[in-house]
Amino acid sequence: MSILLNKETKVIVQAITGREGGFHARLMKEYGTQVVGGVTPGKGRQTVLDDVPVFNTVKQAVEETGATASCIFVRAEHNAADAVMEAADAQVPLIVCITEGIPQQDMVKAVDFVKQQGVRLIGGNCPGLITPGDAKIGIMPGHIHTPGPVGIVSRSGTLTYEVVVNLSRVGIGQTTVVGIGGDPILGTRFVDVLPLFEADPETKAVVLCGEIGGSDEEVAAEYIKSMTKPVVSFISGRTAPEGKRMGHAGAIISGRSGTPQAKVDALNAAGATVADSLADIPDMVQKLLS
Amino acid sequence: MSILLNKETKVIVQAITGREGGFHARLMKEYGTQVVGGVTPGKGRQTVLDDVPVFNTVKQAVEETGATASCIFVRAEHNAADAVMEAADAQVPLIVCITEGIPQQDMVKAVDFVKQQGVRLIGGNCPGLITPGDAKIGIMPGHIHTPGPVGIVSRSGTLTYEVVVNLSRVGIGQTTVVGIGGDPILGTRFVDVLPLFEADPETKAVVLCGEIGGSDEEVAAEYIKSMTKPVVSFISGRTAPEGKRMGHAGAIISGRSGTPQAKVDALNAAGATVADSLADIPDMVQKLLS
Amino acid sequence: MKIHEYQAKELLRKYNVPTPRGEVAETPEQVREIAERFGGVVAVKAQVHIGGRGKAGGIKVAKNPEEAEEKARQILGMDIKGFTVNKVLVEEGIDIKEEYYLGVIVDREAGRNAVMVSSAGGMDIEEVAAETPEKIAKAWAYPGRGLLPFQINRLIFDAGINPAVRKEAAQFLRALFDCYLGVDATLAEINPLVVTGDGKVIAADAKIDIDDNAMFRHPDLEAYRDEEGAENPLDAEARRRGINYVHLGGEVGIIGNGAGLVMATLDEVKRAGGNAANFLDIGGGAQADLVANSLDLVLSDPNVKGVVFNIFGGITRGDEVAKGILEGVGRLDVKVPIVVRLTGTNEEEGRAILRGSQVIPAETMQEAAREIVRRSRE
Amino acid sequence: MKIHEYQAKELLRKYNVPTPRGEVAETPEQVREIAERFGGVVAVKAQVHIGGRGKAGGIKVAKNPEEAEEKARQILGMDIKGFTVNKVLVEEGIDIKEEYYLGVIVDREAGRNAVMVSSAGGMDIEEVAAETPEKIAKAWAYPGRGLLPFQINRLIFDAGINPAVRKEAAQFLRALFDCYLGVDATLAEINPLVVTGDGKVIAADAKIDIDDNAMFRHPDLEAYRDEEGAENPLDAEARRRGINYVHLGGEVGIIGNGAGLVMATLDEVKRAGGNAANFLDIGGGAQADLVANSLDLVLSDPNVKGVVFNIFGGITRGDEVAKGILEGVGRLDVKVPIVVRLTGTNEEEGRAILRGSQVIPAETMQEAAREIVRRSRE
């Protein structure tokens, strides 16, 4: 078992004929993901990556391939938010938006639209998700992951890879690793993913990687109180000075909420062990698993 | 029993300080309806009709009175659609919009909004609804109604009164009479009301009053096929020439759908007896009840 | 409110929807002058509030100004299905390469605005809808959000619009939809939507209906109202007086309150063997003055041999209606029978007012219908 | 992107949001000239990208042009929390009767735009939010539909805005929200929102942040970018070069890929006893050139005593980063230690490239942090 994604998931790639889209579609396919089609308006009827058909619209792609997920590489200036809404309108159950730099107001509209359509959006500006050994949707390096009992959910890309490598190195594998992205407006938040891990029988422990800015970690902590499974957490940017922008738009400390200490306190209070250093995570997880 | 409305329903009146709103709020109160408050922006803290408090906003009115329904008399030019959305935003479960002449594009937005908020809108441009002997929300003359076993749903106001009078005259009373209104864009359609009558144990038969234009009667006929309770129907405007506008914006015969014959055929095929004349309805209902 | 093609195109231009260069004219001489200025081929198009102009000979192409004047002479004053042609639109000839159909309407059932695009342009779209519905691409705009870019894209691909003009077609669709919402239209039809030889996407014809209920937001559009070409002068007169009247051409005048009730009265008159002269709804809460005015209007129809009132008092008060009837009867020298069926609020007071007058009372609407049909034949 | 008050007010005026008459000046003489033209009382306000100007003495009222010039002389060139005042806004005095707070922000948790209105205007709103939250009326705009009329109405009633100016306040709110959306703002704050003695509702102060990600839609707003007043010239330089850099002032330069990873590296450096000189994220898929450029930028900080690279190859390839490091090291005459931790995609190739150079390899980020802190102290 796993969450959200497995071998059966049929994935289409929006902007598959672009540089990024094509490159990662190939890597996904090589990892074992069922990449059943691509979408690029105006390039319908082409075939890429040997046998992957390209369609002009998501609707057509879904009708012809039975896709159950979409991975979006459409550039922000090319209206990535519209691409998200197109997938939602076509009732694609799982939409993963890799695109970074989407204007916040576009995301406000897209996230609301996705909710209305009753489908799930992960991202934007996220690395995607992977069920090690089964399939991946996104841009994470597949080879560092190992199948195993730990669910990981994270706001940061490379930071997650670091956690995964450290876990894999000591022989602790992952059920599913979900990168929710670091933007202020997101389709899926910690609190949306945690219940899935809680319900997944194969997941025995969860690692939550947060960072400064926003209050998603505090909201997650509320939910963690009710969880039966152990959670290890890490907050990145704890030494960053207030009010400094750190790349992720989310990483702004504004006012009273979002301070790293508030997050650490909330997580500790909820019983989620907080690691001071990334290096400590494997040991902490190992202890909780045994 | 009854549907939608009973003695417990707590009603606020939007635009209660207006001529129409005030007049009908009084009539509703006299009929026995719990009129618990009114809303007119800028006239908060006044009291009207002896003991009915006026509020500036629907939200405040709901918070202070526990209202479960709202009756809207706000004029179209004063943004009646916004008044509908205000009630929906305040989570009023039943919104009855009496206002006529609301622009269609305003209603497109308002009806969609109401659905998103998960509440019910009846109208616009409707007479409202009445549970005889219990309560009424709207502008129908209360005294012509009698409690009894027949549910009535209608697109037309005065036509409904005619049906009610004819039924009451021969001693056939009504559970609830719902005037859904005659506009093209409506909050509630025949097919939304019929299941309520079907589920109401006291309702033994249903009268459906349609008219030319649109295809709501055809859609209703589909549902009637599955109903266990007998339905008598009537279509007004059967002799009206094609393409003539008959006051109700809905009453335009356009293209293939909406012709009176199509409606009659669909209703007949669904087993809903179609009355040729309003005068025939009481006999037909009597037969079905016995 | 129906508006003319030339008016619709004026609106379209305001929203940057490409249209052919054109000017409106009321005389053949004006048409010649316009054609001279345009140079080359022009189309002369009758401006009437009815479909099927083309088949009726209301649209003609002219190769030069002389021919344009001649064609205008044929079209101006022409009768198209009861509508007199008072104006023509003179348009520059366009180089038609492809024709499409484009329509935006309020879809009652969906409660949304529907956009339809089809490669079967220039044809009768209802026939296409009935026989080859797969040839019509459809999208429903999301309320508040409008027509989203991906929907426009999909419409273009699904309708099989020439990929070479995809960008132009998308701009056209966006602009048209903006216009549709901007002017509170309930219908906007471009048939045909033309792709020209040089790759332009342009509205060759245009039909726009404006929502009467939204006219309070568009006082400027009041100037577009043109009752002159209407089927019957009584319709125009009713509009001026603010009365909800539809001319139907029979001999029994019908006045009532509530559209459904009036329509049912029409049906009863028909069942009794008569023909309705009109539909007239005095609405809710009518005052005596409106009632008198309505009677006045109905009686100004020379075909009318009798008038039936069917009033169910609710907000409308029976005594007010009765007063209005007497006022109307007093004002005019009424020679035809008037049957009144009055019930509901203040029915007693109303009947008392009418007692002793020339007005014939009836108990039910069926009785009223039979009575007026019988008496109007006498 | 932060913009100045005078720029924010320019945008507000475009959207018909009432603001006081004002002009920007860079010299005391210009201030005097503006004050002469305005006549009467003026306010001279420092234009810097930092809050708390008022308390710092950056806002002064002058009764006449001479006084205005004098005040300007005090303010121009002043240092406010590390920001130098290069410009002042000169504004006509306004007759303040009431003060309110008005703020629009992107609410991350709700995923919507939140509007806040409070009668506690002119005060520190965060204090109000913490101590008397009931004094702040809030509404969340519906995505796609915007701020609905009833929401504006409710905000006004709930915030207790003077009923006499309800209409003006509603217009203000609507216009401000339109501006907020129109310029792709992530924050718009009017504090105080002023009701004047003659019943006008006017933006006495204005703060607007523009979404950097949306700048491609607003090329005209690029002109508003003002790095001159920024805390550190390196931040401005980074912006010009398109590098995601934040100056932090310590002695250890930090370069990595991915914001979360770079922040974690900051934390590790701190844990090892060092202080970060900067945050620098080369992002995903960086080429050698960007890496060299980044190193160049970090080394141009005279405080930097050592640089640590923390690279986790994913899209970013280890060999590209290694090439970039060598290129940078080759271009400059690097005197400080450089520790590189390189893993992930093409890590072997990357390490091979660095072998034999002055660069010090590290296995883990913890090791890298310890190593650079130790070496930068030598």
Side-chain angles (χ1 to χ4, degrees), chain B residues 20 23-24 76-77 100-113 115 127 139-141 144 154-162 165-166 182 184-186 189 209 211-216 219 234 236-241 244-251 255-256 276-279, chain C residues 105-109 111-113 126 129-130 141-144 180-181 184-186 211-217 244-249 256-271 275-276 279-281 283-285 310-316 343-345 364-366:
Chain B
E20 293 263 303
F23 178 68
H24 288 290
E77 316 87 82
E100 61 179 343
I102 302 178
Q104 291 192 33
Q105 296 301 341
D106 291 8
M107 283 308 289
V108 165
K109 283 186 199 155
V111 167
D112 183 67
F113 185 87
K115 273 186 197 150
I139 58 173
M140 69 291 292
I144 62 174
S154 171
R155 271 168 69 184
S156 160
T158 43
L159 187 71
T160 319
Y161 308 162
E162 188 81 38
V165 158
N166 290 345
I185 305 296
L186 292 171
R189 296 173 181 276
C209 298
E211 62 184 32
I212 54 173
S215 53
D216 283 8
V219 175
F234 176 78
S236 158
R238 285 166 68 176
T239 65
K244 288 278 184 183
R245 197 193 160 101
M246 297 299 183
H248 276 198
R256 249 152 275 260
D276 283 334
S277 167
L278 279 177
Chain C
I105 53 157
V106 179
D107 180 340
R108 299 170 56 124
E109 227 172 282
R112 298 188 168 189
N113 293 298
E126 284 173 20
Y142 286 94
Y180 171 86
L181 285 187
D184 266 299
T186 54
D211 185 354
D212 279 304
N213 286 342
M215 285 300 286
F216 70 86
R217 282 203 280 250
N244 190 352
Y245 172 97
V246 181
H247 188 72
L248 296 172
N257 65 327
L261 190 67
V262 179
M263 282 197 287
T265 315
L266 252 71
D267 296 345
E268 289 294 347
V269 165
K270 186 85 179 178
R271 278 163 56 85
N275 289 298
F279 163 102
L280 195 160
D281 175 13
N310 187 10
I311 304 295
F312 201 115
I315 326 184
T316 311
T343 191
T345 313
T364 67
M365 65 187 281
Q366 290 72 28

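In what follows, chains are A, B, ... by sequence order, proteins preceding strands, each numbered from 1. Just the heavy atoms: all of them, side chains too, but no hydrogens, waters or symmetry mates, feed the values below.
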What part of B/E100 lies closer than 4.5 angstrom to a heavy atom of chain C: side chain, backbone, both or neither?
neither
In terms of heavy-atom pairs under 4.5 Å with chain C, the winner among B/G101, B/P141, B/A110 is B/G101
Could you look at C/A185 and say if it's the side chain, the backbone, both or neither that has a heavy atom under 4.5 Å from chain B?
backbone
Between B/D276 and chain C, with a heavy-atom cut-off of 4.5 Å, which part of the residue counts as in contact: side chain, backbone, both or neither?
both
B/M140 side chain reached by B/T160 side chain, heavy atoms, under 4.5 Å:
no
Heavy-atom contact with chain B under 4.5 Å, split by part of C/R271
side chain
Below 4.5 Å, heavy-atom pairs only: which of C/N257, C/T343, C/D184 has the largest tally toward chain B?
C/N257
Could you please spell out the steps behind the side-chain contact (heavy atoms from CB on, under 4.5 Å) verdict for C/R108 and B/S215?
CA-CA 8 Å; C/R108 299 170 56 124; B/S215 53; over 6 Å; no
Taking C/A259's backbone N and O only, do any of them form a donor-acceptor pair with C/D281's side chain (distance below 3.5 Å, no angle check)?
yes
Taking the side chain as everything from C-beta on, heavy atoms only, tell me whether C/M263 gets closer than 4.5 Å to B/L159.
no
Side chain / backbone / both / neither for B/V108 at chain C, heavy atoms under 4.5 Å
both
At a heavy-atom separation under 4.5 Å, does C/D267 approach chain B through its side chain, its backbone, both, or neither?
both
Between C/F312 and B/I144, does a side-chain contact (heavy atoms from CB on, under 4.5 Å) hold up when you go through it step by step?
CA-CA 11 Å; C/F312 201 115; B/I144 62 174; 4.1 Å; yes
The interface call for C/L181 against chain B, heavy-atom contacts under 4.5 Å, is side chain
Within the side chain of C/D211, is there an N or O that forms a donor-acceptor pair under 3.5 Å with the backbone of B/Q104?
yes
For B/M107 and C/N213: C-alpha separation, side-chain torsions, deciding distance, then whether side-chain contact (heavy atoms from CB on, under 4.5 Å) applies.
CA-CA 11 Å; B/M107 283 308 289; C/N213 286 342; over 6 Å; no
Is chain C contacted by the side chain of B/F113, its backbone, both, or neither, given a heavy-atom distance below 4.5 Å?
neither
